[in-house]
Amino acid sequence: MNIKEWFKPTGNKVLFLIITVSIIIGGYFGITNLIESMRKPEIVFKNPITLEYGQHTDADQISSGESPFEILRIESIIDEAQSSYDKISLYEDGLSEVEYREESMKLDTTQVGEHSGVLYASLGKNIESFPFEYLVEDTEKPKLENVKDLKVDQDEALIHEFIATDPIDGELQVEIEGSYDTTIPGEYTLAATATDQNNNKTSEEFTLTVIEKKVEVQKPSSVITNGGTGRKVVALTFDDGPHPTNTPRLLNILDEKGVKATFFILGERADEYPNIVKQTHAKGHEVENHSYSHPDLSGASLAVLDKEVERTNKIIENLTGRRPVYLRPPYGSYNKQVSSNISNQIALWSVDTLDWKSRNAVAVQESALSQVRNGSVILMHDIHSTTVDAVGPLIDSLKAQGYTFVRLDELQ
Ligand code: NI
C-alpha cells in the first residue's frame with residue numbers, strides 16, 4: 001500500500017513535520033508524558049495497540065498496522081497557543097517514540113501527506129474534542145548559493161546574483177550586510193544573508209574589491225624649473241624672439257662657441273620672421289612656445305589658450321617640422337586652468353638674469369654666474385643687444401668652471 005494513500009489528510013488537524021523530502025514518515029507513535037511523570041502514559045496506535053509506560057512497539061507489532069518506518073526527527077513543535085514542545089522522534093528500528101510535553105493523550109489517527117512539496121504527518125485524537133493544529137517549527141536554514149568574492153571597477157555597476165532557497169518558503173531575498181562605496185577603491189568585507197519566514201538565517205561573508213580607475217595621463221604634471229643636480233650642465237634659454245638682428249647675431253655666437261640653446265619664441269614674431277625660426281631650428285637649437293602675443297595666461301579661457309598656445313604650437317611645427325614640447329607662459333604666470341588645458345609641459349627657469357631690467361652685459365653675466373649651479377635653467381631675452389653681448393663671455397666663464405651646455409629637452 002502506498003503510504004500516502006494510507007495516511008489521508010485530516011483537514012485542520014495536522015502536524016507538519018518539516019523534514020528533508022527524502023524521509024518518509026511512519027504512522028505509529030508512542031507517547032510518554034515527561035511532565036507528569038508519575039502518570040501512566042498511554043501509547044496508542046491506530047489499530048489500536050496499547051503499551052505500558054516505558055514500553056515500545058517493535059517492528060513485528062507495527063507491521064500488522066501496515067506502516068513502514070523510516071528515520072524521522074522533529075526538533076520541536078508549537079501549537080496555536082504558542083506553547084512549545086520538544087522533540088518527537090520516530091526511529092528506523094521499528095520502535096516509535098513521541099515525547100510530548102503535555103498531558104497524556106490518546107492519538108487515534110495518524111496520517112501522512114504532502115504539503116507544498118514537504119511531507120508531513122498528522123496526529124489526531126478524538127477529532128472533535130482536540131481542535132488544535134500542531135505545527136512543527138521550521139528550523140531549516142535557507143540555502144545560499146553563488147556567494148563569492150567579487151570585483152568591480154570604480155564607478156562601474158556590478159551585477160551579481162545570489163541565490164537563496166528554503167525548503168519551506170521557496171525562493172528568498174538576499175540582503176547584503178556591511179557598507180561599501182563603489183566610488184572609493186578598496187576591499188570591503190560584506191555578508192550575504194538570507195532570512196526565511198521563521199527568521200532562520202544563513203549568512204556568508206565575501207569580499208568586494210573596488211578597483212581604482214586608471215586615469216590616463218596625457219602629459220607630465222610637473223613643471224620644469226631646473227634639471228637634476230647630478231651633472232654639471234646648464235641650459236641657456238632665450239625668450240620673446242625672434243628679433244631681426246639680435247637673434248641672428250646670437251645664433252652666430254652660439255655657433256662659434258659650439259653651444260646649443262633653447263628659444264621660447266612668440267607666435268606673432270614667428271609670423272613676422274619665419275626664416276629666423278627655421279634657421280634657429282636648422283642650427284640644432286630647440287624652438288619652444290612662449291604664446292602668440294605675450295599675454296598673462298593665468299585664468300585664460302579655452303578660447304584664449306587655443307589662440308595663444310595651440311596656434312603658436314602649429315606655427316612652430318609648420319616652420320620647423322617639430323611640435324613644441326614646452327610652454328613657457330609669459331611672466332611665468334599660469335594656473336591649473338592653463339596647465340590642464342594645454343598639451344605642452346610648463347617650463348620655467350631657476351636663474352633669472354633680469355637682463356631686460358639691467359640692459360647691461362656685465363650685469364647679465366654677473367647675475368648668471370652668481371646664481372648658477374648644476375642643472376640651472378638660465379632665463380635671458382634675445383631681443384636685447386646687451387644680452388647678446390653678454391652671452392659670449394658668459395659661455396666662456398661657465399666653460400671655465402666646467403659646465404657643459406644642453407638644450408632644455410636634454411636636461412634630466
Ligand atoms: Ni617673455
Side-chain angles (χ1 to χ4, degrees), residues 223-226 234-251 253-254 260-274 276-277 279-281 285-300 304-317 319-320 323-335 337-339 341-361 363-365 367-368 371 376-391 394 407-409 411:
V223 174
I224 291 184
T225 54
N226 199 91
V234 64
L236 301 182
T237 67
F238 299 96
D239 288 12
D240 296 356
H243 185 276
T245 56
N246 291 329
T247 302
R249 186 158 73 89
L250 174 61
L251 292 175
I253 291 167
L254 293 172
K260 305 301 180 200
T262 301
F263 291 79
F264 285 95
I265 69 165
L266 295 173
E268 64 182 5
R269 283 177 167 268
D271 276 347
E272 207 171 338
Y273 309 109
I276 299 176
V277 177
Q279 199 185 0
T280 304
H281 174 74
H285 303 293
E286 182 180 356
V287 181
E288 298 289 0
N289 191 334
H290 193 43
S291 82
Y292 188 80
S293 62
H294 211 272
D296 183 343
L297 290 175
S298 186
V304 168
L305 289 175
D306 190 60
K307 191 177 137 210
E308 288 290 335
V309 181
E310 188 50 32
R311 181 184 183 186
T312 304
N313 281 337
K314 284 174 180 158
I315 290 169
I316 294 171
E317 189 171 8
L319 291 174
T320 67
R323 185 180 168 81
V325 174
Y326 301 111
L327 170 75
R328 177 170 281 168
Y331 318 105
S333 174
Y334 71 101
N335 59 7
Q337 161 83 2
V338 175
S339 60
N341 286 300
I342 60 172
S343 63
N344 306 67
Q345 187 177 357
I346 302 282
L348 300 179
W349 57 86
S350 54
V351 173
D352 189 351
T353 60
L354 297 176
D355 59 335
W356 57 274
K357 201 172 176 184
S358 70
R359 303 289 180 93
N360 180 301
V364 171
Q365 289 171 59
S367 173
Q371 299 179 68
S376 282
V377 176
I378 298 177
L379 170 61
M380 292 177 281
H381 298 80
D382 56 325
I383 53 174
H384 304 303
S385 62
T386 45
T387 298
V388 177
D389 291 341
V391 169
L394 175 61
R407 306 179 351 169
L408 205 57
D409 59 3
L411 258 190

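For clarity, every value in this text was computed on a predicted model and none was experimentally measured. Indexing begins at 1, ligand by ligand and atom by atom, following the structure's order. Worth knowing before you read on, the calculation uses all heavy atoms, side chains too, and leaves out hydrogens, waters and symmetry mates.
No donor-acceptor distance shorter than 3.5 angstrom exists from the side chain of H381 to the backbone of I383, with no hydrogens or angles considered.
Between Y331 and H294, the ring center distance clears the sub-6.0 Å criterion.
Shown here are the side-chain contact (heavy atoms from CB on, under 4.5 Å) partners of T262, two or more places apart in sequence or in another chain: T237, F264, E286, E288, R407, L408. Remark: D240 engages no residue in a salt bridge (charged side-chain N to carboxylate O under 4.0 Å, His left out) (not counting sequence neighbours). Legend: residues meeting salt bridge (charged side-chain N to carboxylate O under 4.0 Å, His left out) with D239, ordered by chain and number and at least two apart, are R328.
In the displayed structure, K260 atom NZ is contacted under 6.0 Å by more than 12 heavy atoms of other residues, nucleotides or ligands.
For the Ni ion (ligand 1), the count of nearby protein N, O or S atoms, meaning those under 2.8 Å away, is 3.
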